[in-house]
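Have a look at the structure below, then the notes.
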Number of protein chains: 2
Amino acid sequence: MITLTSAEENYLKAIYHLSDGGKKGVSTNDVSAEMKTKPASVSDMLRKLGEKEVIEYRKYYGLHITEEGKKLALQTIRKHRLWEVFLVEKLKFSWDEVNEVADELSHVKCKVLIQRLDEYLGFPKFDPHGDPIPDEYGDVRARPRQLLNELDLGSTGQIVAVKDSSPAFLRYLDKVGAYIGARIKVMDKTEFDGSVEILVDNKKSIFMSKDVAGNILVMV
Amino acid sequence: MITLTSAEENYLKAIYHLSDGGKKGVSTNDVSAEMKTKPASVSDMLRKLGEKEVIEYRKYYGLHITEEGKKLALQTIRKHRLWEVFLVEKLKFSWDEVNEVADELSHVKCKVLIQRLDEYLGFPKFDPHGDPIPDEYGDVRARPRQLLNELDLGSTGQIVAVKDSSPAFLRYLDKVGAYIGARIKVMDKTEFDGSVEILVDNKKSIFMSKDVAGNILVMV
DNA sequence: TTTTATTTTTAGCCTACCCTAAATCATAAA
DNA sequence: TTTATGATTTAGGGTAGGCTAAAAATAAAA
Ligand SMILES: [Mn+2]
Ligand SMILES: [Mn+2]
Ligand SMILES: [Mn+2]
Ligand SMILES: [Mn+2]
């Protein structure tokens, strides 16, 4: 049985995200940027992850995540997202405050803890940022989603997730009144700068830059 | 501001317990036995804890915990016991399963997390083993307690805590039907071996060896 | 195809925490 | 008062995970 340290779990989770779930290859510098550690440190870690066969690593040519690696990454993601739900739903954290704490909590080694937590939370399918929570076998029920800035004029849908979950972005969404679950309609699009105007819950009109709209995912 | 690593927190908590809350001096070997690490490793750690001034350490002569050390130890104990309550009350763990997991959880660095957890749990005053939970200033409301094997024949009281909280002992108590909160009466005492017979909740009679009774704390 | 720029790895060092073996100190016994 | 015993510390080494600086490999440009 493969066991990973906390640091290895963090790297593997980052690699999984960079791999877009296993489709893309990933470079040392990619990982370095994502993890905010120096490329030299990354090289060393990649060698170790390669030896544990959670990635396939060729010196100077980057890496691919393996099937085993995907499974383990999904388990770490599952733990992280369940803790985020706990923090928001039970402890009344706001969605921009949970990432670091959930990261620490997600490294607690106890299988039954996560099962019980999942049950206690009512087997949630999505985390506070709209990201899907893998089940204990690593299966993810994905929803078809589109970027808000790519929707046609007049189309309607529901905000289901955010691409960027930095505190700054999330607080901005809170401020303008956009939230996961909101029903929206595209009222206006400006070709020149890619900005959009949307109507939220048939009530409130919001103007958004392309940058903002490009980080909001909508289910039509 | 003094910050401790997880390992330092664990050592300091052990030292606090060995000090009996600050009354007794503690030797390197005491800590070694409690922490299950070699005396050589303990020496090294004591030097570090001495530099951080959470203990007063004199080479070859043992240590005393400082006021600052007591405060920090009580904060760690608070976190540990709150997580134990969470695991038992919310996640339906049994009281013999929570110690290790609560230990890991208690090292998560987030002040507000503990405040929110405390609030969410309804500001509990005691953990599942009957041990008091210090408040955020480190104040502990102690209850007057007596060892069950030292009670007089015929006296009554309530089980409020256990001295030994090893899984083996706790499971034994579950088996015979003793639990925190149970009302008891001493029905018989055998001078020869120190064993006692108690009546639980005016219903069930339990026979206990001196070893068992000596690890049960009763409020008269 | 050669040179240059960029990426990646290696080498060497650091901190934290643990270990064993050897040295040292304190103290109890002779 | 000397010696022996036991407790404690030091010395040296291991793993994990960082870092910087230098070397090496790849990729891009000339
Ligand atoms: Mn997160
Ligand atoms: Mn999330
Ligand atoms: Mn405990
Ligand atoms: Mn306890």
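Residue numbers start from 1 in every chain, and the chains themselves are labelled A, B, ... in the order their sequence lines are given, proteins ahead of strands.
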Fill in: Geometric cation-pi criterion B/Lys90 and A/Phe86, 6.0 Å radius, 45° cone
no
Discussion item. Which residues in residues 43-50 of chain A have a heavy atom closer than 4.0 Å to any atom of DNA chain C?
Written reply: A/Ser43
Response to the item:
Taken in chain and number order and not counting sequence neighbours, the residues that satisfy side chain to side chain contact (heavy atoms under 4.5 Å, CB included) with B/Pro167 are B/Asp96, B/Arg171
Item to complete: Would you please say whether a donor-acceptor pair under 3.5 Å links the side chains of A/Glu84 and A/His129?
Response: yes
Worksheet item: For residues 35-42 of chain B, which residues have at least one heavy atom under 4.0 Å from DNA chain C?
Response: B/Thr37, B/Lys38, B/Ala40, B/Ser41
Worksheet item: What residues form a side chain to side chain donor-acceptor pair (under 3.5 Å) with A/Asp174, not counting sequence neighbours?
Response: A/Trp95
Practice prompt. Please identify each residue that fulfils side chain to side chain contact (heavy atoms under 4.5 Å, CB included) with B/Ser209, with sequence neighbours left out.
Written response: B/Asp211, B/Val212
Worksheet entry | Any side-chain heavy-atom pair of B/Glu119 and A/Leu91 under 4.5 Å | no
Worksheet, complete the sentence: Whichever of A/Thr5 and A/Tyr61 has the more 5' nearest nucleotide on DNA chain D, that residue is A/Thr5
So which protein N/O to nucleotides 22-24 of chain C N/O distances come out below 3.5 Å?
none

Discussion item. If you compare every side-chain N and O of B/Tyr11 against the phosphate oxygens of C/dC18 (OP1, OP2), does one of them come in below 4.0 Å?
Written reply: yes
Worksheet item: Do B/Asn29 and B/Ser27 meet the criterion of a side-chain donor-acceptor pair at a distance under 3.5 Å?
Response: no
Item to complete: Before giving the answer on salt bridge (charged side-chain N to carboxylate O under 4.0 Å, His left out), spell out for A/Lys48 and A/Glu8 the whole-Å C-alpha distance, their side-chain angles and the decisive distance to 0.1 Å.
Response: CA-CA 9 Å; A/Lys48 282 191 280 188; A/Glu8 287 169 344; 5.1 Å; no
Worksheet item: Sequence neighbours excluded, which residues qualify as side chain to side chain donor-acceptor pair (under 3.5 Å) partners of A/Arg145?
Response: none
Worksheet item: In a check of salt bridge (charged side-chain N to carboxylate O under 4.0 Å, His left out) between B/Arg78 and each of B/Asp135, B/Asp118, B/Asp127, B/Asp139, which one passes?
Response: B/Asp118
Fill in: Qualifying residues under side chain to side chain contact (heavy atoms under 4.5 Å, CB included), relative to A/Ser106, sequence neighbours excluded
A/Lys79, A/His80, A/Trp83, A/Asp103
Dump the pairs, protein N or O against N or O of nucleotides 1-4 of chain C, anything under 3.5 Å, distances to one decimal.
none

Worksheet item: Is there a donor-acceptor contact under 3.5 Å linking the side chains of B/Thr37 and B/Tyr11?
Response: yes
Practice prompt. Only pairs at least two apart or in different chains count here, so list each salt bridge (Lys or Arg N to Asp or Glu O under 4.0 Å) that has a residue in residues 58-69 of chain B.
Written response: B/Glu67-B/Lys70
Worksheet entry | Start and end of the DNA chain D segment that chain B contacts, any atom under 4.0 Å from a heavy atom | D/dA7 to D/dT10
Worksheet item: If you take all heavy atoms of B/Ile65 and B/Gly22, which pair is closest and at what distance?
Response: CG2-CA, 3.8 Å
Fill in: Residues which pass side chain to side chain donor-acceptor pair (under 3.5 Å) with B/Asp44, listed by chain and number, not counting sequence neighbours
B/Arg47
